[in-house]
Amino acid sequence: TLPFTFRSCCRGHCSLFYFSSGVLGDSLTVLRSPQYVIFRDGQWPISGEKIPDLVALTMGFSIHEDLDWPGLAAGSLFQRPRANALIVVRGLDSLDFPKNISSYPLENPVPFTLDSVANTVHTLFADSTPVVLQLAPSEERLYMMGMANTVFEDLPVTLQQIRGRLSQDGSVLTSLPLVSLSRNNEADLLFLSEVQVLYDISTLLQKHKHLAKDPAPDLYSLELAGLEEIARRYGTDSPQFTDATRILTSALQKFADDVANVYANNAVVEVVTVKTFEAPLTRKSRSILESKQISNPGSPYNLAYKYDYDYAVVFNIVLWLMIVLALSVIVISYNLWNMDPGYDSIIYRMTNQKIRMD
């Protein structure tokens with residue numbers, strides 16, 4: 001079995017980093033942010049489906065609908081972060097992060113992606129090379145997909161590569177106190193492989209700091225489900241779950257510090273903790289438009305998916321264009337059917353003799 005499937009494509013030097021991790025139950029926690037990206041202190045809840053809009057706003061991009069959330073203050077018009085990292089951790093009650101960081105409750109924890117943000121970066125910075133790294137769990141196993149340049153092609157993606165990487169010098173098995181965790185258990189190996197990917201990405205970024213100097217912003221996308229597997233295997237009260245939580249907390253803090261250092265404190269690192277999603281997670285290549293039925297499972301109505309922002313405009317253009325074309329065909333056909341060739345047509349009206357006389 002393969003824990004990851006990885007696809008890469010080089011198109012410039014722009015990197016997009018998207019990561020989601022857990023903090024204090026269903027919550028959004030901001031581990032790092034520049035001084036010009038201001039998060040206000042308060043317990044303002046934010047919906048899970050609004051996370052992509054929040055990431056877009058922190059990066060200085062516009063969104064279709066205003067984000068009615070007071071946690072993010074208006075930032076500088078002349079500065080934007082060089083990178084954004086959003087990490088989602090599933091199956092977690094809390095992480096022991098420092099108390100002086102901003103944390104907000106998360107409502108409607110529905111699955112979401114940052115594909116819309118990635119598309120915006122590709123559109124606005126077409127001359128650069130967008131690099132999108134995404135790590136998301138499937139029902140069977142984890143898979144990694146995205147657009148990357150050769151810098152990230154050495155990341156371990158198969159189970160054999162992961163085991164080989166964990167047995168090498170400098171792996172997390174030799175640097176972290178595993179205590180109750182075992183390298184021979186599949187659930188433990190899955191969790192440690194996610195931690196190893198975090199460490200490897202940080203190492204590659206520090207070796208290739210030129211990625212941070214590209215004119216386009218960077219986005220890294222990760223969703224971690226290793227803790228969920230450990231909780232399912234051992235339980236949340238087990239020493240394995242406690243040790244894994246401690247290791248992941250330390251790994252996320254180190255990752256946030258490394259990203260901030262590479263981008264000279266011009267990066268935003270957010271962590272999302274989700275105990276469980278309200279709907280089964282499916283990974284698609286484009287943004288998923290969540291329906292109200294999914295956002296509100298208790299609704300007695302069978303509501304359809306939410307339409308696109310431009311749906312009404314496109315619908316009216318197509319509708320009235322079809323009506324005008326249909327009426328034009330009817331009028332032209334009627335006039336052609338009732339036309340008198342000897343009176344209306346110059347071909348039949350003008351004989352050769354008349355043409356010579358003229």
Side-chain angles (χ1 to χ4, degrees), residues 17-59 63 67-75 81 83-114 117 135 194-195 198 202 219-228 231 236 241-242 244-261 263 265-278 295:
F17 294 78
Y18 161 56
F19 300 79
S20 317
S21 89
V23 186
L24 304 176
D26 289 349
S27 63
L28 167 69
T29 302
V30 182
L31 291 183
R32 297 290 185 275
S33 65
Q35 295 181 353
Y36 48 84
V37 179
I38 303 173
F39 288 90
R40 296 191 179 101
D41 294 331
Q43 292 298 312
W44 296 292
I46 183 172
S47 177
E49 59 188 7
K50 296 297 183 181
I51 297 297
D53 290 342
L54 175 63
V55 173
L57 288 176
T58 59
M59 300 182 72
I63 57 179
L67 180 63
D68 187 16
W69 186 64
L72 180 64
N84 191 294
L86 178 63
I87 309 167
V88 176
V89 175
R90 295 173 53 180
L92 190 66
D93 285 333
S94 64
L95 284 177
D96 190 16
F97 285 122
K99 304 301 181 182
N100 59 344
I101 59 179
S102 301
S103 182
Y104 309 95
L106 183 67
E107 294 182 340
N108 300 326
V110 296
F112 59 87
T113 71
L114 294 188
V117 183
L135 176 67
E194 294 179 343
V195 177
L198 283 176
S202 298
L219 180 69
Y220 296 75
S221 154
L222 289 160
E223 184 174 337
L224 310 180
L227 276 178
E228 189 176 42
T236 55
F241 185 82
T242 302
T245 302
R246 172 180 48 80
I247 290 175
L248 182 59
T249 302
S250 176
L252 290 174
Q253 288 178 318
K254 180 181 183 303
F255 179 82
D257 292 338
D258 292 341
V259 172
N261 291 334
Y263 290 93
N265 295 324
N266 288 316
V268 181
V269 181
E270 304 105 333
V271 173
V272 172
T273 300
V274 178
K275 181 66 176 179
T276 180
F277 282 115
E278 292 185 359
S295 299

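The model shown is predicted, which means the values in this text are computed figures rather than measured ones. Below, all heavy atoms of this structure are taken into account, side chains as well, without hydrogens, waters or symmetry copies.
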Heavy-atom donor-acceptor pair, W44 side chain to Y104 backbone, under 3.5 Å: no
Under 3.5 Å donor-acceptor, D26 side chain and K275 backbone: yes
Taking every non-hydrogen atom, the tightest pair across V259 and A267: CG1-CB, 3.7 Å
CG on L54 to CD1 on I46, rounded to 0.5 Å: 4.5 Å
Straight-line distance of I63 CD1 to L57 CG, nearest 0.5 Å: 4.0 Å
side-chain hydrogen bond (donor to acceptor under 3.5 Å, both in side chains) partners of T58, counting only residues at least two apart: N84
Between NZ on residue K50 and CG on residue L28, distance to nearest 0.5 Å: 15.0 Å
Interatomic distance, F97 atom CZ to L31 atom CG [nearest 0.5 angstrom]: 4.5 Å
R246 side, atom CZ; D96 side, atom CG - distance, nearest 0.5 Å: 12.0 Å
side-chain hydrogen bond (donor to acceptor under 3.5 Å, both in side chains) partners of R40, counting only residues at least two apart: none
Heavy-atom pair of closest approach, residues F255 and A85: CE2-CB, 4.2 Å
Distance, nearest 0.5 Å, that separates CG of L92 from CZ of F241: 5.0 Å
N265 side chain near P34 side chain, heavy-atom distance below 4.5 Å: no
Set of residues satisfying side-chain hydrogen bond (donor to acceptor under 3.5 Å, both in side chains) with respect to E228, sequence neighbours excluded: R90
Closest heavy-atom pair and its distance - V30, I101: O-CB, 3.7 Å
Expected output: side-chain E194 to main-chain A225 donor-acceptor under 3.5 Å: yes
